[in-house]
Amino acid sequence: MKGLQQIKSEIELLTSTSNKTELEIVDALHKYYFNKAVTAEIKLYKKKKKKVAEITKDLKISHRRFYKILEDKKVEFTKYNKSKEEAGE
C-alpha cells in the first residue's frame, strides 16, 4: 500500500504544478504503458514467437484493434480472409 500512496502523492504533486487534472495524467500514463506493451508484443510477433490470439489475450484487446495497430505501425502481417467463393464453390 505504501507504493500506491506514493504514486497518489506524486500525481497530486504533479497536478498542483501543472494545469492537468489527475485523470488526464493517469490517462497519459495508461497510453504510455499500453504503447510500451504493444511494442514489446509486436517484436515477439515479428519473430513469430507469439500468435495474434495470444497477444490480444495478453493485452485484452480485440483482433481488429491489434491489426489496426499493426497497420498504423506499418508492420507486415497476414490476415485470414474468409470469402464465400472459397467456402463452397
Contacts of type side-chain contact (heavy atoms from CB on, under 4.5 Å), residue Lys49, not counting sequence neighbours: Leu44, Lys47
Distance-minimising heavy-atom pair for Thr56 and Ser62: CG2-O, 3.7 Å
Quick one: side chains of residues 24-32, donor-acceptor pairs under 3.5 Å with protein atoms, not counting sequence neighbours, listed by atom name and distance.
unit_1: Glu24; atom_1: OE1; unit_2: Thr21; atom_2: N; d: 2.9

Cut-off 3.5 Å, no hydrogens considered: what does the side-chain donor-acceptor table look like for residues 64-77, sequence neighbours left out?
unit_1: Lys68; atom_1: NZ; unit_2: Asp72; atom_2: OD1; d: 3.4

Min side-chain heavy-atom separation Glu41-Leu59 under 4.5 Å: yes
Leu23, CG atom: more than 12 neighbouring heavy atoms under 6.0 Å: no
Interatomic spacing from CD1 in Ile11 to OG in Ser16 - rounded to 0.5 Å: 12.0 Å
Reported CD-to-OG1 distance for the pair Glu12 and Thr15, which is rounded to 0.5 angstrom: 6.5 Å
His63 NE2 to Lys57 NZ distance, which is reported to the nearest 0.5 Å: 11.0 Å
